[in-house]
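Below is one structure; the comments refer to it alone.
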Amino acid sequence: MSWDQLTAFAQSSPLLSIAFAGLTVAVIFTEVKHRLSGIAGLSPAQATLLMNREDALVVDVSPAADFAKAHIPGSVSAPLADLDPDKHKQLSKAKERPVIVTCRTGMSAHGAAAKLKKAGFTKVSVLDGGLAGWRQAEMPVGKGR
């Protein structure tokens, strides 16, 4: 596509062009924000190593109904809507322990991880891709509470 074709499209479809530009800016902003947050993203393989070698706690911030349908074996449910590190029994004991935050797709986990970091958790990371990425890597999935 040439520059002339691109400008012709932008002139003939201003709403689509503005929407595309807005989405592009939003994606870039979100990505930069995640990278500057100091919260590491982990692949499913890296998360498994951290779970096995350093006894990392996996915290699933998905709604309880979604957690019951599918979750990473050994993870604890702490729905984002009522995430309070001081009131959650297992979370309150894990401030010095590695914590891996996950959700369905990996989008909500960053906000929860930032909240945990602000609450004094020292080793917080996020599972890249969330449970969807975990499944794509053909890792085991548990069901029920």
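Numbers here are sequence positions counted from 1.
- In this structure, Trp134 is a member of the same hydrophobic cluster as Ile100, with clusters built from ILVMFWY side-chain heavy atoms closer than 4.5 Å.
- With a 4.5 Å cut-off on side-chain heavy atoms, Val99 and Lys123 do not count as touching.
- No continuous path of ILVMFWY side-chain contacts below 4.5 Å connects Val124 to Leu50, so the two sit in separate hydrophobic clusters.
- With hydrogens and angles disregarded, a donor-acceptor distance shorter than 3.5 Å links the side chain of Gln46 to the backbone of Ser43.
- Under the 3.5 Å distance criterion, the side-chain polar atoms of Lys95 are matched with a main-chain donor or acceptor of Ala119.
- Transitive grouping of hydrophobic side chains (ILVMFWY, heavy atoms separated by less than 4.5 Å) brings Leu80 and Phe121 into a common cluster.
- Annotation for Pro63 and Pro79: closest pair CA-CB, 4.4 Å, computed over non-hydrogen atoms.
- Met51 and Leu116 end up in different hydrophobic clusters when Ile, Leu, Val, Met, Phe, Trp and Tyr side chains are linked at under 4.5 Å.
- The environment of Glu138 atom CD is sparse: at most 12 non-hydrogen atoms of other residues, nucleotides or ligands sit within 6.0 angstrom.
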Could you walk me through whether His71 and Leu131 pass the side chain to side chain contact (heavy atoms under 4.5 Å, CB included) test, one step at a time? CA-CA 7 Å; His71 58 269; Leu131 186 64; 5.6 Å; no

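- Nearest approach of Ser77 to Ala64, heavy atoms of both residues: OG-CA, 4.4 Å.
- Across all their heavy atoms, Pro44 and Gly133 have their closest contact at CG-O, 3.7 Å.
- Summarising the geometry, atom CG belonging to Leu6 is positioned 7.5 Å from atom OG belonging to Ser17; distances are rounded to the nearest 0.5 Å.
- In this structure the side chain of Val76 never reaches within 4.5 angstrom of the side chain of Val58, judged on heavy atoms.
- Note that the CG atom of Asp128 and the OG1 atom of Thr102 stand 9.5 Å from one another [nearest 0.5 Å].
- Side-chain contact between Val61 and Val101 is present, with at least one heavy-atom pair separated by less than 4.5 Å.
- Minimum heavy-atom separation, Asp60 to Ser75: CB-OG, 4.5 Å.
- With hydrogens and angles ignored, the 3.5 Å screen pairs no side-chain donor or acceptor of Arg104 with any backbone N or O of Ser62.
- Around atom CZ of Phe20, no more than 12 heavy atoms belonging to other residues, nucleotides or ligands sit under 6.0 Å away.
- Contact detail for Ser125 and Ile39: the closest heavy-atom pair is CA-CG2, 3.9 Å.
- If you check the side chains of Ser2 and Asp4, you find no donor sitting under 3.5 Å from an acceptor.
- Looking only at distances, no side-chain donor or acceptor of Lys143 sits under 3.5 Å from a matching main-chain atom of Ala68.
- With Ile72 as reference, Leu127 is the one residue of Leu127, Val141, Thr48 to meet the side chain to side chain contact (heavy atoms under 4.5 Å, CB included) rule.
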